[in-house]
There are 2 protein chains.
Amino acid sequence: MPAEPRLLANAIRALAMDAVQAANSGHPGMPMGMADVATVLFTEYLKYDPQAPDWHDRDRFVLSAGHGSMLIYALLHLTGYEKPTMEDIRNFRQMSSPCAGHPENFMLPGVEATTGPLGQGFAMAVGIAIAERHLNATFGDDLVDHRTWAIAGDGCLMEGINHEAVGLAGHLKLGRLNVLWDNNKITIDGSIDLSSSEDILARYRASGWHTVSCDGHDFADIRRAIDEALADPRPSLIDCRTIIGYGAPNKQGTSATHGAALGPDEVAAAREHLVWAHEPFELPADVLDAWREAGRRSAGAHGEWRGRLAGSAERDEFVRRMEGRLPEGFSLDAYLGDLIANPQKVATRKASEMALGAINDLLPETIGGSADLTGSNNTKTKATQPLTADDYSGRYIYYGIREFGMAAAMNGMALHGGIIPYGGTFLVFSDYCRPAIRLSALQNVRSIYVMTHDSIGLGEDGPTHQPVEHVMSLRMIPNLAVFRPADAVETAECWALSLEKQDGPSLLCLTRQNLPQVRSDASENLCAKGAYRLRAASAARKVVLLATGSEVETALAAAAALEGQGIGADVVSMPAWHLFDAQDAAYRADILGGADVLRVSIEAGTTLGWERYTGSHGLNIGLDRFGASAPAEDLFKRFGFTAEAIVPQIVAALQQGDQ
Amino acid sequence: MPAEPRLLANAIRALAMDAVQAANSGHPGMPMGMADVATVLFTEYLKYDPQAPDWHDRDRFVLSAGHGSMLIYALLHLTGYEKPTMEDIRNFRQMSSPCAGHPENFMLPGVEATTGPLGQGFAMAVGIAIAERHLNATFGDDLVDHRTWAIAGDGCLMEGINHEAVGLAGHLKLGRLNVLWDNNKITIDGSIDLSSSEDILARYRASGWHTVSCDGHDFADIRRAIDEALADPRPSLIDCRTIIGYGAPNKQGTSATHGAALGPDEVAAAREHLVWAHEPFELPADVLDAWREAGRRSAGAHGEWRGRLAGSAERDEFVRRMEGRLPEGFSLDAYLGDLIANPQKVATRKASEMALGAINDLLPETIGGSADLTGSNNTKTKATQPLTADDYSGRYIYYGIREFGMAAAMNGMALHGGIIPYGGTFLVFSDYCRPAIRLSALQNVRSIYVMTHDSIGLGEDGPTHQPVEHVMSLRMIPNLAVFRPADAVETAECWALSLEKQDGPSLLCLTRQNLPQVRSDASENLCAKGAYRLRAASAARKVVLLATGSEVETALAAAAALEGQGIGADVVSMPAWHLFDAQDAAYRADILGGADVLRVSIEAGTTLGWERYTGSHGLNIGLDRFGASAPAEDLFKRFGFTAEAIVPQIVAALQQGDQ
């Protein structure tokens, strides 16, 4: 430990208050309040190498209270990461700077997770800690032996997802997870007493956590608390009693320091109070030297680890998994060949299970799970054993009834690397984990969501369980690949595409009910084009039927009926809009047809959005209301998803078009 | 208490297993497991009158574990509600029956809330209990003096929202809330041990709850526990140790009874085991008589209450509020008149606060709040005081960092009646409460969501906080009124429409940044038409610019620039799509124009969906990627939301159209 830790901590405080002041935007209170704790962590405990931010065996640090982003920017700069530069920090929250309002993993090496939406950083840290234990169980202490740390605020702890993450971590006994709680008793609205009366430590202990408290401004006490946490086999919540905005003499301890610049007067007063006689963004050489020295603390350990890796028989496999590359020659062709030889009439959730059977054999890096719907989501294959506190080598997680916690944990595993996580729930409950799905997409991580019971086709459970708006609204999340396959072949193709998409999440919408196999050829992954002609009109093409998932069967029946009336109709299966939009104009025009055809969409969900493909004069068969409780067949009939109901509408539209 | 409560409980068991068997779909395990507890509650404690399901001072009962819907259907039938009839129960989960898969408040009087999405029933019960205390504080014991009860399962308790609801209820000391926990140690995946190791009672106590345990199959013990709960001033969790599927001799205690019919053999075995020698759906007269007698228990109390109401000076006001009618002559005209006289350049979040100033004076039934963003959402007006454990008469709730819990509590208050709840968070965090927003819509309740910071216009906080897909994806939730007003006048108009929509929720998307007042006339609520011509082309109309919210200002600038080039352009403000879609064809055609005009949408969010109005050849200016961290003005420029960036695209599109 270098001398005068308070001096080192004050460097963080100065950078935080000055950067926020320069931007006239941001959150100085948290970095100033947690500067002492963070200094102890980064100079004495955390294992990292600023020269190699991607060292696979580094400790992971997640700033769950992401609004305090200046804390991590200051730490990365001070400890010697190449980025952010001081210029980047000067430009905090400006267009050109990687020092964004909230930490973004895709902008700065050393930022392990994108945080800001409260509670999710904590829950991702749980996933990271699971990944570490699993890979430790797989590759041993020589290659994988690190800790996961997080800093969380009252907001992170009050959010519902905290309960799910705490429960999961306690149940899995993730003893190498240590959370530093910035207990400053202040929220945006004012004192925490306005909204909460909880004994937080008691709650954590009730879920199998170790807890310890310390004065967050007493360095010896911080060390004592961390040492106690390290010694305990349970996950630890370290209650750091801090003063928000510590160092700003007139505003510290109040919510006024939380989310706004201190103002020039208070910044000047803080300089005086902290005895920090340096210009903004100027660091005294001795302070910077001490920080840089701390940043080199683990370089030796890193070198030794590299030596062990070089000598390991598992080196190539370990590196392959950590870099997220699929095995050379990975392919589902053999499985697809079987399907073509023996067509299957199964629900696509069952088809997903069948594909996963092949995938889990070929890819040891998958870890599956479900939010207590294992038998319904068909996510567990026979070969995968449970991952438990007694055996972290398992590849299946019983997440419990914790959809949001599951999705965030999946993101954490994907961020850690070495794992391809997939997890299931009912599609309607994508709403429960939607904030984490969004963060999968923003963070560019390969989380794969297995969302079953994807329409009124689930039947009797009724409108609370029937997705209507979900497929379309998920298509709107940037960088989320949404797939709605029509049969067992498409399901396997969409699984392959999901696995191959290294830089973002995928979400599979799968049926509860059986579907016939509509594909008799799997020589090319047709889903890769997003949409393709499944059946060409035999008469002159007058109609193009666009459908997804279970409605492809309906479209085929409608097309047959139309052709029976001499009306040529194509059927286009459209499992992946984002991929179709990426095709060239000629392909898209060929598939959709021109002004001479009537385009008809058939999808058992909201019609809003389909006009993109069906145009001003198309016909959209969908469901713009909530469903109902009844057997699936009755519902499809009632809501008009039958050839009998659809064909007359098409004929009428054609006649109207002719007038 | 009638003799032989076990016999009464077995009537529930028989109806549950027979109805599920007839449907070959449903959840027998929970109703059979909780039949004894429910029998005690409904025959000895619950205050209700089957002849008057809407008695305002009845106890509220919420079946949070909604999959056990046969429990409430059996109870309503047995105690003498008009519905469901035995025929309805025979048709459980069929199209014609009000006995839907999950309980639906809009199908059956006596079903207080639509439940099934786990955790939300519990959280709505918290809102109901808040409403009761507030109205008690307002109208006194004579008119409002009842309890709130819920039955919750392990799923309800494991969901994250449970933490938020428990925290809120404990903080507000809602002593008249009693939750009966069906502690059967079984989830869908199997034993609860697979996924949880929590000491649930300790967790509840840590949040200020009273807890008590009982044997859920020992009637005396159930009474003892409930009596203890009633005597304690804190909210109570009553841990009922039960056996799932109690009475099915070969399957009870296992997850096999949870979500599927028992099968004919096991149903027969259960009949024998329970000594229930009656045909399916047949009830012995003595059992039914005893149940009906229990159903008449509170008729006297109801009569006395009616007498007190008739004699109350506050009768008319109380009934008005409980029936959800706005006061005679309610209008914001005076406030709107001021705006026209003194135009305001303010953020629409500020305009919302200004409108609320007028609304909260005129409507004593509003209760506002925010999920710890009071100063940012501008939801607290000066006249409203906090609702606290010490003073339930307050009209502002500091919900804490609990978006989902807030939204569910709002639904609970609206379901209770007598209150119009509104609450705020950032629009991007609508994702955190989306499952509850969906239930507002499905339940037809008037919850009003104040969602601020509605685009990249929030600036520096960056992509984690910038909604992109949210406005559009919320438009897809059936029965949710989504408003995105363009200035202070539209904001007030949208508030008026939200308040007047008695049968469903509304959601206001409001800016962080200032906007000029674009309306100079408020003699008609133009937002009521959903979209209207704000500015008519002065040259021959060639372009129709469709915009919402902050982009209306941009559209006006673009129109001015186009007209400077001799290109006639209308500007249409489109704050409420659902209302525009409800206008007649002539109005819509007039506003949108025909094939002779180029339609251009401008909205700082996803373009998918706008094709509904702009058609195949329109131009959609939007944002189909995540935002970035920078000052708002820089972001609007970077992403092309300026007249300078838009006008050339329009000119090019017009030229292309001419070719």
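Just so you know, these numbers come straight off a predicted model, no measurement behind them. Computed from heavy atoms alone, side chains included, the values below leave out hydrogens, waters and symmetry copies.
No part of B:N620 comes within reach of chain A, as not one of its non-hydrogen atoms sits under 4.5 angstrom from that chain. Of the atoms belonging to B:A441, heavy atoms from both backbone and side chain fall under 4.5 Å from chain A. Using a 4.5 Å cut-off between heavy atoms, A:L157 touches chain B through its backbone atoms (N, CA, C, O) alone. Contact annotation for A:F626: both backbone and side-chain heavy atoms come within less than 4.5 Å of a heavy atom of chain B. Interface remark: B:H27 contributes side-chain atoms only to the contact with chain A (heavy atom separation under 4.5 Å). Residue B:H470 touches chain A through its side chain alone, counting heavy-atom pairs closer than 4.5 Å. For B:P467, the part lying near chain A is the backbone, with the side chain staying farther off; criterion is any non-hydrogen pair under 4.5 Å. If you measure heavy-atom distances from A:Q466 to chain B, the contacts under 4.5 Å come from the backbone alone. Only the side chain of A:W577 comes within less than 4.5 Å of a heavy atom of chain B; its backbone N, CA, C and O stay farther away. Proximity to chain A (any heavy atom under 4.5 Å) is shown, for B:V166, by neither the backbone nor the side chain. For B:T606, the part sitting under 4.5 Å from any heavy atom of chain A is the side chain, from C-beta outward, and nothing else. Contact of A:R205 with chain B is not made at all, since no heavy-atom distance falls under 4.5 Å. Proximity to chain B (any heavy atom under 4.5 Å) is shown, for A:N24, by neither the backbone nor the side chain.
A:E198 places no side-chain N or O within 3.5 Å of a backbone atom of B:S207 that could act as its donor or acceptor partner. The backbone N or O of B:E460 sits nowhere less than 3.5 Å from a side-chain atom of A:S25 that would complete a donor-acceptor pair. Here the side chain of B:S629 pairs a donor or acceptor atom with the backbone of A:G101 at under 3.5 angstrom. Here the side chain of B:R402 pairs a donor or acceptor atom with the backbone of A:S195 at under 3.5 angstrom.
Of the inter-residue distances, the one linking A:M158 atom CE with B:E164 atom CD reads 9.5 Å to the nearest 0.5 angstrom. To the nearest 0.5 Å, the span separating CG on B:D581 from CG on A:L608 amounts to 8.5 Å. Put simply, CE on A:M476 and CE on B:M472 are 5.5 Å apart, with the number rounded to the nearest 0.5 Å. Interatomic distance, A:S616 OG to B:E611 CD, rounded to the nearest 0.5 Å: 10.0 Å. Interatomic distance, A:I188 CD1 to B:I401 CD1, rounded to the nearest 0.5 Å: 7.0 Å. Going from atom OG1 of A:T464 over to atom CG of B:L439 covers 7.5 Å, rounded to the nearest 0.5 Å.
With respect to chain A, the highest number of heavy-atom pairs below 4.5 Å among B:A100, B:G66, B:C433 belongs to B:A100. In terms of heavy-atom pairs under 4.5 Å with chain B, the best-connected choice from A:H67, A:K380, A:M95 is A:M95. In terms of heavy-atom pairs under 4.5 angstrom with chain A, the leader among B:L194, B:L172, B:I192 is B:L194. Residue with the most contacts toward chain A among B:N479, B:L623, B:D461, B:D372: B:D372 (heavy-atom pairs, distance under 4.5 Å). Interface check for chain A: of the options B:I200, B:N91, B:I397, B:L118, the most heavy-atom pairs under 4.5 Å are formed by B:L118. Contacts with chain A were tallied for B:T374, B:I161, B:D199, B:L442; B:L442 has the most, counting heavy-atom pairs under 4.5 Å. The residue among A:S69, A:G155, A:S97 with the most heavy atom pairs within less than 4.5 Å of chain B is A:G155. Of the listed residues A:G615, A:P435, A:G400, A:A202, the one with more heavy-atom pairs under 4.5 angstrom with chain B than any other is A:P435. The candidate with the highest count of non-hydrogen atom pairs below 4.5 Å against chain A, out of B:L201, B:L474, B:T114, B:L373, is B:L373.
Heavy-atom minimum distance, B:A630 versus A:Q94: CB-C, 4.2 Å. When every heavy atom of A:R434 is checked against every heavy atom of B:D431, the shortest pair comes out as NE-OD1, 3.2 Å. Closest approach of A:D189 and B:G375 over heavy atoms only: OD1-N, 4.3 Å.
Using bins of under 30°, 30° to 60° and over 60° for the plane-to-plane angle, the ring pair A:F404/B:Y432 lands in the perpendicular bin. By the 30° and 60° cut-offs, the orientation of the rings of B:H163 relative to A:H163 is tilted.
Side-chain N/O atoms of B:S196 and A:H171 include no donor and acceptor closer than 3.5 Å.
Salt-bridge check for A:E469 with B:R438: passed, with a basic side-chain N closer than 4.0 Å to an acidic carboxylate O.
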Requested in this report: Check step by step if side chain to side chain donor-acceptor pair (under 3.5 Å) holds for B:T607 and A:R612.
Outcome: CA-CA 10 Å; B:T607 55; A:R612 170 161 293 184; 2.9 Å; yes
